There are 2 protein chains.
Amino acid sequence: MGRRRQAVTIKHVAADAGVSLQTVSRVINNEPNVRPAMKERVQSSIDKLGYVPSIAAQRMSGSRSYLILAINDRDLTIADWRAREGRDWVDQMLLGGMLTCAEHGYRMLIELVDTHNDHVERELGAAIAALQPDGVILTPPHSGNPLITGLLAERGIPFARIGSTDPGPGIPMTMGDTHNARIATEHLLDLGHERIGFIAGPSEFSLSDWRIAGWKEAMFAAKLPTKGLCERGDFGFDSGLEAARKLLSLPERPTAIIASSDQMTFAAMQVAREMDLRIPEDLSVISFDNSPIVRFTQPPLTAVDQPIAATASRAVELLIDAKKGQLPTEPVRVKGELVVRGSTGPAPA
Amino acid sequence: MGRRRQAVTIKHVAADAGVSLQTVSRVINNEPNVRPAMKERVQSSIDKLGYVPSIAAQRMSGSRSYLILAINDRDLTIADWRAREGRDWVDQMLLGGMLTCAEHGYRMLIELVDTHNDHVERELGAAIAALQPDGVILTPPHSGNPLITGLLAERGIPFARIGSTDPGPGIPMTMGDTHNARIATEHLLDLGHERIGFIAGPSEFSLSDWRIAGWKEAMFAAKLPTKGLCERGDFGFDSGLEAARKLLSLPERPTAIIASSDQMTFAAMQVAREMDLRIPEDLSVISFDNSPIVRFTQPPLTAVDQPIAATASRAVELLIDAKKGQLPTEPVRVKGELVVRGSTGPAPA
DNA sequence: CTGAAAGCGCTAACAG
DNA sequence: CTGTTAGCGCTTTCAG
């Protein structure tokens with residue numbers, strides 16, 4: 001089988017159609033200045049021969065690579081994969097990103113990068129040099145890493161920053177955290193709850209505060225107090241236990257709690273059990289993720305669905321458009337929605 | 001920002017080190033016939049300039065593309081992603097495949113292909129022409145599709161067939177289904193069970209019968225009967241209900257059931273509940289997957305862990321080695337193991 | 001509107 | 001052991 005070469009190249013098509021390479025190239029890239037008849041003739045040769053351009057060659061001659069890189073945190077991602085606890089962040093990114101890439105003839109490649117490493121720049125730089133992607137999607141915590149955004153900006157590679165609205169290069173995107181927290185709160189309000197506790201994430205994450213803002217907005221609009229009803233955790237189970245204990249020990253106990261992660265929600269449920277509070281009769285809880293496992297708890301959790309797939313899809317579209325020179329500078333918001341299940345109910349009388 | 005070009009190329013390195021391009025190329029590819037001193041000099045230029053070869057250019061000049069394609073069934077994969085029921089097959093493939101690729105300077109790219117489509121060949125052919133991968137990993141049901149294996153063989157692209165041991169081109173690989181079924185059965189045997197039912201998958205899947213064989217082997221070795229104790233399902237929940245009802249209505253009711261999928265195991269548990277059988281006191285069950293959700297049932301399921309990550313990792317290694325001309329023709333077996341949780345217990349007295 | 005020439009970054013083949 | 005030469009398949013100039 002020897003050295004593998006392209007089975008059918010642009011030359012074959014050109015010969016078959018009796019035109020120059022250039023004309024074929026123009027047809028492939030859907031460029032103007034080709035007479036319809038000519039275009040059709042070339043296209044039929046392409047179809048007949050089953051020609052598909054080599055992206056390596058396209059990239060070589062200074063054109064696009066048709067590759068979008070989705071960068072995730074190495075340690076977090078591998079930990080999730082190994083833990084097998086059903087977190088499907090990567091799958092959702094693939095679902096949204098890959099399918100949208102495919103629609104445009106692009107491919108999506110996942111790349112794991114270690115943020116906490118001194119070599120971030122080297123690692124990312126190497127990936128970029130090797131792959132020459134046409135666009136990069138950054139997820140937290142990379143989205144806010146100036147080493148990364150700086151490198152990308154410097155090399156002129158369009159990129160999206162999911163979960164970051166800071167000014168600077170790259171397309172800022174959010175999954176509508178403020179909005180999501182608001183609708184979660186409003187759902188509880190509609191059920192008659194008046195004391196609604198909030199377990200937030202750590203302040204290092206911008207989205208933690210965005211969510212608090214959404215909760216406060218809704219409470220404020222309903223003229224309800226929020227003071228003392230917000231505790232912070234670190235997204236993990238133990239921090240959730242502590243926060244929930246504080247909230248549920250308040251003299252005027254909340255009748256509902258919104259927690260900023262599945263783990264913290266599970267923790268709140270455990271504290272409720274310890275205190276003999278039934279869910280949802282005595283306490284309603286809402287989780288701020290919607291990973292697969294929330295359906296398998298007792299009761300299944302009402303949860304904010306983070307629109308990961310939709311966001312990835314949108315990011316890909318924006319990145320592909322970016323070659324035409326237009327990047328939005330206003331943050332792009334893809335809103336999530338509330339999935340109501342059994343963990344929320346009417347406020348106790 | 002203009003047309004993006006490689007920041008630092010082999011030319012820069014060659015100039016910096018004062019050698020020819022070829023010598024740099026030899027160093028990059030770790031080829032022989034370079035004096036250590038020379039090699040070191042070149043390497044230090046590479047490090048100094050932060051040079052990373054462009055895989056597009058490498059591929060262009062007839063060398064490797066450093067790309068491995070993992071082909072999954074489009075419909076099944078998208079359905080899993082959308083369902084968000086925690087199936088993490090793709091993640092496990094990435095965990096095993098991507099990390100192993102990374103170790104060797106390769107990347108893994110997921111490609112979804114529709115088996116049931118007339119255009120399989122066109123679809124796959126296009127992906128291959130565009131990407132020129134150095135190797136392809138096929139998963140069921142593609143592994144046994146002669147259109148696909150034929151195309152790959154014809155183009156001389158090394159590939160692994162996971163879940164297929166048929167003769168023919170490509171590296172046949174299994175996840176040790178026979179072995180896995182045997183150890184699951186033996187676990188029950190050790191717990192004193194003598195009537196062990198088996199809910200198999202459809203016969204269209206080779207692995208269904210491999211698993212039956214493992215169960216029978218263990219039963220036979222223990223001189224226990226299997227007649228009438230095996231029912232078939234289609235891996236889905238409803239088929240599991242039917243199979244479980246038959247088994248649990250037997251005059252001599254089995255005290256344990258092994259089912260070939262999570263869904264069929266859930267079905268068996270539901271039938272048990274309907275019949276007021278406690279798990280594991282009255283009935284032990286073992287699932288034949290180990291997807292994340294099996295830990296969240298009541299009780300958590302004892303399950304066979306399919307070594308997806310390990311298999312993908314092995315496949316990548318074999319594929320990378322394949323360029324050296326050596327492909328195993330004997331099926332490569334990567335065995336799974338049993339994860340014991342709460343759904344299995346001593347046989348009832 | 002179409003074609004010809006030049007070159008992208010790298011490696012294979014062949015010389016020295 | 002090292003260097004030179006010729007492309008790989010495609011797109012970008014720049015001429016017609």
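The structure displayed is predicted, hence computed values, not measured ones. Throughout, protein chains are lettered first and strands after them, A, B, ... in sequence-line order, and every chain is numbered starting at 1.
Between A:V27 and A:K39 the shortest heavy-atom distance is CG2-CA, 4.1 Å.
Residue A:Q58 has no polar side-chain atom (N or O) positioned under 4.0 Å from OP1 or OP2 of D:dC10. Listed pair A:Y51 / D:dC10 meets the phosphate criterion, a side-chain N or O lying under 4.0 Å from OP1 or OP2.
You'll find the side chain of A:R107 stays beyond 4.5 Å of the side chain of A:I68, heavy atoms only.
Taking atom CZ of A:R59 as the reference point, atom P of C:dC8 lies 13 Å away to the nearest angstrom. The nearest whole Å value for the distance from the NZ atom in B:K11 to the C1' atom in C:dC8 is 8 Å. The separation between B:H12 atom NE2 and C:dG9 atom P is 8 Å, rounded to whole Å.
Between atom CG of residue A:L147 and atom CG of residue A:L124 there is a gap of 9.5 Å, rounded to the nearest 0.5 Å. Atom CZ in B:R161 sits 9.0 Å away from atom CG in B:L138 (nearest 0.5 Å). Note: B:I128 CD1 to B:L67 CG = 12.0 Å, rounded to the nearest 0.5 Å. Remark: A:E31 CD to A:T23 OG1 distance equals 10.5 Å, nearest 0.5 Å.
Of the residues in residues 15-33 of chain A, those placing a heavy atom less than 4.0 Å from an atom of DNA chain C are A:V19, A:S20, A:Q22, A:T23, A:R26, A:N33, in numerical order. Residues of residues 38-49 of chain B that place a heavy atom closer than 4.0 Å to DNA chain D, in numerical order, are B:M38.
Between B:D134 and B:R64 there is no salt bridge, since no side-chain N of the basic residue sits under 4.0 Å from a carboxylate O of the acidic one.
Open room surrounds CD on A:E40; 12 or fewer heavy atoms of other groups in view lie less than 6.0 Å from it.
Position along DNA chain D of the nearest nucleotide to B:R35 versus B:M60 favours B:R35 as the more 5'-ward residue.
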